[in-house]
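A quick write-up on the structure given underneath.
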Amino acid sequence: MKYDKEEKDILDAYESGKMKLSTPSKKEIESIKAIAKSTFKKDKRITIRLYEHDYKGIQKKAMKMGIPYQTLISGIIHRYIEGELVSKNG
């Protein structure tokens, strides 16, 4: 597995004994569970119209990735909203 610099630093600190794992409190566990549940909650349904070419293309890409095409579309929209995808024009 490949790690970025931050992950490698954390792993090195843990393995050298500079960092110890702690057991989260019940309150922290409940908070983490609530955040995780809301993160994966998809509660809005939309209808969009696509060009046939785009529809076929997204289905092919999703199939190669081994995920449903709706999941791929949702992920692309999410990444765009979060600023991880930007248009070439600005």
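Expressed to the nearest 0.5 Å, how far CD1 of Ile58 lies from CD of Gln70 amounts to 10.5 Å. For the atom pair CD of Glu6 and CD1 of Ile10, the computed distance is 4.5 Å after rounding to the nearest 0.5 Å. For the atom pair Leu72 CG and Met65 CE, the distance stands at 5.5 Å (nearest 0.5 Å). Atom CD1 of Ile73 is separated from atom CD of Gln59 by 8.5 Å, given to the nearest 0.5 angstrom. Considering CD of Glu52 and CG of Asp54, their distance stands at 9.5 Å, rounded to 0.5 Å. From Asp9, atom CG reaches atom NZ of Lys18 across 10.0 Å, with rounding to the nearest 0.5 Å.
Heavy-atom contacts from other residues, nucleotides or ligands closer than 6.0 Å to CD of Glu84 number more than 12.
Hydrophobic cluster membership differs between Ile81 and Val86, with clusters built from Ile, Leu, Val, Met, Phe, Trp and Tyr side chains linked at under 4.5 angstrom. Tracing side-chain contacts under 4.5 Å through hydrophobic residues (I, L, V, M, F, W, Y), one reaches Tyr80 starting from Ile77; they form part of the same cluster. In the hydrophobic clustering of this structure, Tyr51 does not group with Ile46; members are Ile, Leu, Val, Met, Phe, Trp, Tyr whose side-chain heavy atoms approach within less than 4.5 Å, directly or through other members. Cluster annotation: Ile35 and Ile29 are assigned to distinct hydrophobic clusters (Ile/Leu/Val/Met/Phe/Trp/Tyr, side-chain heavy-atom contacts under 4.5 Å, transitive). Tyr69 and Met63 fall into different hydrophobic clusters, where Ile, Leu, Val, Met, Phe, Trp and Tyr are joined by side-chain heavy atoms under 4.5 Å apart, directly or via other members.
The minimum heavy-atom distance linking Lys2 with Glu7 is given by the pair O-OE1, 4.3 Å.
Under the 4.0 Å criterion applied to side-chain N and carboxylate O atoms, Lys26 and Glu30 are not assigned as salt-bridge partners.
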